[in-house]
**Q** 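Quick one: structure below, then a few questions.
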Amino acid sequence: MYVPKANAMDDPGVSAFLAAHASAHLVTVGPDGRPDSTLLPVIVDGDRVVGHLARANDHWTRIAPASPGLVVVAGADAYVSPGWYASKAEHGRVVPTWNYSEVQLRGAVTVHDDLDWVLDVVTRLTERHESGREQPWAVSDAPAKYVRGRLRAIVGIEVVVESVEGKAKLSQNRSDADREGAIEGLRAQGDAVAHLVADEMERALRG
């Protein structure tokens, strides 16, 4: 991933981003050279990323033990019109762009076809997403025999992280006036995702 210095996330920024985003694309290359990509729920635990794939998804069967993988955690993204920039009226030397935030983690991938390992991951994922609810559901709420049957329909995935890159492309290369104009323009859109990008841009601008 190309990461200009102005767009690089620092370590606290990467940690906060990963804590706020609970899914990722796992990208690997099979023995025939064909790339595979699957969106899956994940937990980033220190230098590991864990999750699971459907057993019916042949992606996991094409992953050689300890083969290299890429985990892509994507945030909100949006088109930015040059018509929103103050500098358009000044000199007109402006072009469109696309703003987004993303973290990429690379490392060796292992498939875990073990019920207890997968149960631990599923339990942790469930706790992550249910903990804020008034009446959180727990894996143990379902009959144990039923849970074991459902676990046989998935396999575990573990990526031992070797490198991490975080990028927040939020118009940091533009003047404050241009950035303010882009924020206002995004907020004028009837698009919740564009509003999220505007919020991120404002935090970066005020930061």
Side-chain angles (χ1 to χ4, degrees), residues 1-29 33-44 49 51 53 57 59 68-107 125 128-129 131-133 159 161-207:
M1 179 168 63
Y2 171 57
V3 186
K5 186 175 180 180
N7 302 137
M9 289 187 194
D10 58 16
D11 289 345
V14 168
S15 296
F17 185 88
L18 294 175
H21 296 82
S23 64
H25 277 95
L26 172 68
V27 183
T28 59
V29 176
R34 178 171 64 89
D36 298 292
S37 177
T38 301
L39 181 71
L40 64 157
V42 295
I43 291 175
V44 180
V49 180
L53 291 171
N57 181 351
H59 185 167
L70 171 67
V71 176
V72 181
V73 184
D77 63 277
Y79 172 79
V80 176
S81 170
W84 296 332
Y85 294 151
S87 57
K88 175 184 178 294
E90 296 171 10
H91 49 66
R93 297 189 300 274
V94 291
V95 293
T97 193
W98 203 277
N99 279 0
Y100 62 92
S101 297
E102 183 172 290
V103 170
Q104 295 186 359
L105 307 98
R106 288 179 170 81
L125 284 166
R128 175 177 186 176
H129 295 287
S131 62
R133 299 182 184 276
V159 179
V161 179
E162 297 166 359
S163 68
V164 181
E165 287 183 305
K167 180 176 182 178
K169 183 180 175 297
L170 303 170
S171 298
Q172 295 97 323
N173 62 318
R174 307 298 311 184
S175 67
D176 287 359
D178 280 357
R179 294 166 77 179
E180 294 278 9
I183 291 168
E184 183 178 345
L186 287 166
R187 288 199 170 133
Q189 308 301 298
D191 181 344
V193 176
H195 290 188
L196 290 175
V197 175
D199 290 344
E200 292 176 3
M201 289 179 65
E202 183 159 36
R203 283 193 291 271
L205 178 60
R206 312 291 179 221

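For reference, positions follow the sequence shown, starting with 1.
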**Q** Does atom CG (D11) have a neighbourhood of more than 12 heavy atoms from anything else shown, all under 6.0 Å?
**A**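 Incorrect, the count does not exceed 12.
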**Q** So which atom in L196 and which in A76 form the shortest heavy-atom distance, rounded to 0.1 Å?
**A**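 So the two residues come closest at CB-CB, 3.8 Å.
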**Q** Taking all atoms of both residues into account, what is the closest heavy-atom pair of Y85 and A182, and its distance?
**A**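 In this case the closest contact between Y85 and A182 is CE2-CB, 4.2 Å.
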**Q** Quick one: pull up CG in L205 and CG in D176 and give me the separation to the nearest 0.5 Å.
**A**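 So the gap between those two atoms works out to 5.0 Å.
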**Q** Taking all non-hydrogen atoms of both residues, which atom of V103 and which atom of G166 are closest, and how far apart?
**A**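 Between these two residues, the closest heavy atoms are CG2-CA, 4.0 Å.
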**Q** Let me see the working for L26 and H59 under side-chain contact (heavy atoms from CB on, under 4.5 Å), right down to the final yes or no.
**A** CA-CA 10 Å; L26 172 68; H59 185 167; 4.2 Å; yes
**Q** Evaluate the criterion side-chain contact (heavy atoms from CB on, under 4.5 Å) for residue pair L18 and L105; output intermediate values, then yes/no.
**A** CA-CA 11 Å; L18 294 175; L105 307 98; 4.3 Å; yes
**Q** Under a 4.5 Å cut-off applied to non-hydrogen side-chain atoms, are K88 and P82 in contact?
**A**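 Of all side-chain heavy-atom pairs linking P82 with K88, none is under 4.5 Å.
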**Q** Which residues pass the side-chain contact (heavy atoms from CB on, under 4.5 Å) test with S23, sequence neighbours left out?
**A**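 Per chain and number, S23 pairs via side-chain contact (heavy atoms from CB on, under 4.5 Å) with L39.
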**Q** So, R93 side chain and S87 main chain: donor-acceptor pair closer than 3.5 Å or not?
**A**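 No: the side chain of R93 does not pair with the backbone of S87.
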**Q** Taking atom types as modelled, find out whether D178 and S171 have a side-chain donor-acceptor pair closer than 3.5 angstrom.
**A**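 There is no such pair (donor and acceptor under 3.5 Å, judged by atom type) between the side chains of D178 and S171.
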**Q** May I ask you to decide if N7's main-chain N or O and K169's side chain share a donor-acceptor pair within less than 3.5 Å?
**A**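 No: the side chain of K169 does not pair with the backbone of N7.
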**Q** Give, for atom CD of E165 and atom CD of Q104, the distance between the pair rounded to the nearest 0.5 Å.
**A**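 If I round to the nearest 0.5 Å, the distance is 6.5 Å.
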**Q** Looking at every heavy atom in both R128 and V42, which two are closest together, and how far apart are they?
**A**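 Heavy atoms only, the tightest pair is NH1-O, 3.2 Å.
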**Q** For R206, enumerate each residue passing the side-chain hydrogen bond (donor to acceptor under 3.5 Å, both in side chains) test, keeping only those at least two apart in sequence or located in another chain.
**A**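 If we apply the side-chain hydrogen bond (donor to acceptor under 3.5 Å, both in side chains) test to R206, skipping adjacent residues, the hits are E180, E202.
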**Q** Within the side chain of H195, is there an N or O that forms a donor-acceptor pair under 3.5 Å with the backbone of Q189?
**A**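 Such a contact is found between H195 side chain and Q189 backbone.
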**Q** Which atoms form the tightest heavy-atom contact between D36 and R34, and what is the distance?
**A**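 Scanning both residues completely, I find the closest heavy atoms to be OD1-NH1, 3.2 Å.
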**Q** Flag the pair D77 / E102 as yes when at least one side-chain heavy-atom distance between them is below 4.5 Å, and no otherwise.
**A**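 In short, these two side chains do not touch, never coming nearer than 4.5 Å.
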**Q** Side chains of Y2 and K167: is there a donor and an acceptor less than 3.5 Å apart?
**A**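 Side-chain D/A pair, Y2 to K167: absent.
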**Q** How close do F17 and H21 get, heavy atom to heavy atom, and via which atoms?
**A**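 Shortest heavy-atom separation between F17 and H21 comes out as O-ND1, 2.8 Å.
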**Q** How far apart are the C-alpha atoms of R179 and Q172, what are their side-chain angles, what is the distance that settles it, and do they pass the side-chain contact (heavy atoms from CB on, under 4.5 Å) test?
**A** CA-CA 8 Å; R179 294 166 77 179; Q172 295 97 323; 4.0 Å; yes
**Q** Using the side-chain contact (heavy atoms from CB on, under 4.5 Å) rule, pick out the option among T97, I183, V197, L170 that qualifies with V80.
**A**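 Per the side-chain contact (heavy atoms from CB on, under 4.5 Å) rule, the option paired with V80 is T97, out of T97, I183, V197, L170.
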**Q** Give every residue pair that meets the salt bridge (charged side-chain N to carboxylate O under 4.0 Å, His left out) criterion with at least one member in residues 189-201, sequence neighbours excluded.
**A**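 For residues 189-201: R187-D199.
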